[in-house]
Structures are given as structure tokens and as C-alpha cells.
Amino acid sequence: MLSRAAVRASSTTSMVARRGFHSTRAQMSSPYHYPEGPRSNIPFNPLTKWFALRYWSFMAVGFGAPFGVAVWQTYKNK
């Protein structure tokens, strides 16, 4: 019984060692691999001229909308 456990343990480590990890670069011709690097994984370009204005406008609307809705609900006719 002890020898079975030893055989099972040794076969498990050999299975782990045979796993197919690859160290090659992804093929760029595939539609499932995208370029890597800074600012390549975001859906907007922070280097444009008007980015800061659009960003802070978006943040102000997102922060202020709940307060605006609360005020509107408070002053709404019942």
C-alpha cells in the first residue's frame, strides 16, 4: 500500500512537469492577441488635447448625478 502511494506521488509530479507552458511571443496575426505596452489596453487616448476636460466632466457628472436626482425627487410634486 505504501508503494502505491509512492508511485502515485511520483506520477503526479511527472504530469505537472509535462504541462505545456510556452515562452514564445504571441502571434500578432491572431485576432485574440493584442499589442502590449503602456496605454495600449485602454479604450481611450489620454494623450489628446481635450482629455483632461472630458475626464473631469465625466467625473463631475458621475459624482453630481445622484445629488441632482435627490434634489429633483425632493422638490417634485407629490
Side-chain angles (χ1 to χ4, degrees):
M1 181 153 180
L2 185 58
S3 64
R4 261 192 220 160
V7 169
R8 186 177 302 129
S10 68
S11 67
T12 304
T13 56
S14 66
M15 289 179 83
V16 171
R18 287 185 290 165
R19 288 171 42 181
F21 292 114
H22 299 285
S23 61
T24 58
R25 280 183 52 94
Q27 297 294 327
M28 292 302 171
S29 61
S30 171
Y32 302 107
H33 294 95
Y34 301 99
E36 295 180 4
R39 295 182 300 273
S40 66
N41 61 344
I42 53 177
F44 50 85
N45 185 6
L47 300 177
T48 60
K49 181 178 180 180
W50 298 102
F51 174 74
L53 177 66
R54 290 186 305 204
Y55 174 81
W56 287 112
S57 300
F58 182 79
M59 293 297 147
V61 169
F63 182 79
F67 296 102
V69 169
V71 168
W72 180 66
Q73 291 288 334
T74 302
Y75 289 117
K76 186 171 68 167
N77 291 332
K78 294 184 179 179

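Keep in mind it's a predicted model, so treat the numbers as computed, not measured.
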>> Once side chain to side chain contact (heavy atoms under 4.5 Å, CB included) is applied, do any residues pair with Asn45, and if so which ones, sequence neighbours excluded?
In response: Leu47, Thr48
> Under the side chain to side chain contact (heavy atoms under 4.5 Å, CB included) test, which residues partner Phe44, sequence neighbours left out?
Replying inline: Ile42, Pro46, Phe51
> Does the side chain of Trp72 reach to within under 4.5 Å of the side chain of Lys76, using non-hydrogen atoms?
Replying inline: yes
>> For Lys49, give me all partners under side chain to side chain contact (heavy atoms under 4.5 Å, CB included), at least two apart in sequence or on another chain.
In response: none
